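Model, not experiment: these values are computed from the prediction. Numbers restart at 1 for each chain; the letters A, B, ... are given by sequence-line order, proteins then strands.
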There are 2 protein chains.
Amino acid sequence: MPALAEASRPKPSSLSDLEVESIEMFINFLRLLGWPKSVGEIYGLLFVSVGPLAMDEIMARTGMSLGAASQGLKLLREFGAVRTVYLPGVRKDHYVASGELSRFATSYIEEELLPRMRTAQERIQRMEKMMQSLPESGRQIPAERLDRLKYWLGKGQKVVPWLVKFLKL
Amino acid sequence: MPALAEASRPKPSSLSDLEVESIEMFINFLRLLGWPKSVGEIYGLLFVSVGPLAMDEIMARTGMSLGAASQGLKLLREFGAVRTVYLPGVRKDHYVASGELSRFATSYIEEELLPRMRTAQERIQRMEKMMQSLPESGRQIPAERLDRLKYWLGKGQKVVPWLVKFLKL
DNA sequence: CGAATCTTTCAATAAAAAATGAAGGATTGG
DNA sequence: CCAATCCTTCATTTTTTATTGAAAGATTCG
């Protein structure tokens, strides 16, 4: 058998109805987080897999490329959605889906949402300063909107930890 | 002055620091919802605008095209993030940013998140049926994951209305 | 009603994002 | 240490998404 890197793309072996259903479900969900289809494919496949799968098996089942499989697994590992299992006497890494689905949500909140909220708060401070140079008359309306946004962001930052905690349960 | 549709694209008139800051902020936020840059530009501009703006003014200030302005405003209208104001004796529609920022979040939850959660629940039911034909031995692990997902979705559907209510305050 | 103005639509183009696979790096078994 | 295997990286290609602006539709004014 030729080494993986030289191998022609393995033909996608047919997926079971169960696997297809799972894959479609996760493609749809992970799109909410802006993640590419390939990542949904990998996770969806692992989600209903009885045992751990190696990268080449994932490639063979889904028909995706080496690069996509490698990168997708990297991303999923970083987010803690997938982990490798130790199999004695086996060279290839084998992956299983982590049961903790909350990781998707909490990682998204912590790595996407919260940073943007913080940046926004800095921007608001700068904007408040800038507004002082607007004529008194016109300042009011945008100032009110800014206040509202500030209030709303503050509230958001308060719910988020609570929400994260709730999701982790 | 030539009619708008025939007019060459208006040169972007320079934006104030305040406007740039606001626009950048909303481009970043709305990207979370998967919305295009042009929409963030429009909303960011309106957000700090003292008075209502007509579409051609938005085009002139941001340098975006007729089509992008029209479509972006349509989207923002549909989501209730922007509304037209009545100005006596004025032909063009004029737009203001709605103060209710929560609309972005709640619309997203209601139009993107919830529908997907419902679809997922249907899929889960189908998957549970399909799993019955798996050999008893292998069924367990994916079945547990599915249970967890089901539980988690159920929880999610319970928080969401609460969250929406909280955000609307 | 008819001309002028304003808005929407959509086919074409441009820009951004994802997927591909060859090259090279890392690891392991002999 | 060498060779085989496995994994990652990244320049290129493909696919998807956003933008453009001309054409056509809708509205208003005289």
Q | Shortest side-chain distance from Asp93(A), nucleotide among dT8(C), dC7(D), dT20(D) | A | dC7(D)

Q: Answer yes when Glu122(A) and Arg118(A) have at least one side-chain N-carboxylate O distance shorter than 4.0 Å, and no when they do not.
A: no

Q) Which is true for Arg31(A) with a 4.0 Å heavy-atom rule: it touches a base, it touches only sugar-phosphate, or it touches nothing? A) nothing

Q. Would you find more than 12 non-hydrogen atoms of other residues, nucleotides or ligands less than 6.0 Å from Arg126(B) atom CZ?
A. yes

Q: Take atom CE of Met59(B) and atom P of dT20(D), then tell me their distance rounded to the nearest Å.
A: 9 Å

(Q) Tell me the interatomic distance from Trp35(B), atom CH2, to dT17(D), atom P, rounded to whole angstroms. (A) 17 Å

Q. Which part of the nucleic acid, if any, lies within reach of Ser38(A) when heavy atoms closer than 4.0 Å are counted: base, sugar-phosphate only, or nothing?
A. sugar-phosphate

Q | Validation row, ring centre Phe79(A) to ring centre Tyr108(A) under 6.0 Å | A | no

**Q.** Glu41(A) bridged to Arg61(A) by N-O distance under 4.0 Å
**A.** no

Q) So does Arg91(B) get a side-chain nitrogen or oxygen closer than 4.0 Å to the phosphate oxygens (OP1/OP2) of dA26(D)? A) no

(Q) Under 4.0 Å, heavy atoms only, any strand: does Gly34(A) hit a base, just the sugar-phosphate, or nothing? (A) sugar-phosphate

Q) Does Val90(A) or Pro36(A) map to a spot on DNA chain C nearer the 5' end, using the closest nucleotide for each? A) Pro36(A)

Q. Rounded to whole angstroms, how far apart are CG on Leu53(B) and C1' on dT7(C)?
A. 17 Å

Q.
Using heavy-atom distances to pick each residue's nearest nucleotide on DNA chain D, tell me which of Ala54(A) and Lys37(B) is more 5'.
A. Ala54(A)

Q.
Would the base of dC7(D) count as contacting Gln71(A) through its side chain, where contact means a donor and an acceptor less than 3.5 Å apart?
A. no

Q: Please check the phosphate of dT9(C) (OP1 and OP2 only) for any side-chain N or O of Lys74(B) closer than 4.0 Å.
A: yes

Q. Which whole-number value in Å describes the distance from Met55(B) CE to dT19(D) P?
A. 15 Å

Q: Measure from CE on Met64(B) to C1' on dT8(C) and round the result to the nearest Å.
A: 16 Å

Q) Once you round it to whole Å, what is the distance between P of dC6(C) and CD of Glu57(B)? A) 11 Å

Q. Within this structure, what is the CG-to-P distance between Leu76(A) and dC7(D), rounded to whole angstrom?
A. 15 Å

Q: Give a yes or no on whether the ring-centroid distance for Phe29(B) and Phe104(B) is below 6.0 angstrom.
A: no

**Q.** Nearest-neighbour nucleotide for the Arg77(A) side chain, dT8(D), dC10(D), dT20(D) considered
**A.** dT8(D)

Q) dT7(C) C1' sits how many Å from Lys92(B) NZ, rounded? A) 12 Å

Q. Looking at the side chain of Leu66(B), which of dG21(D), dT20(D), dC6(D) is the nearest nucleotide?
A. dG21(D)

Q) Which nucleotide sits closest to the side chain of Ala68(A): dT20(D), dT8(C), dT20(C)? A) dT20(C)

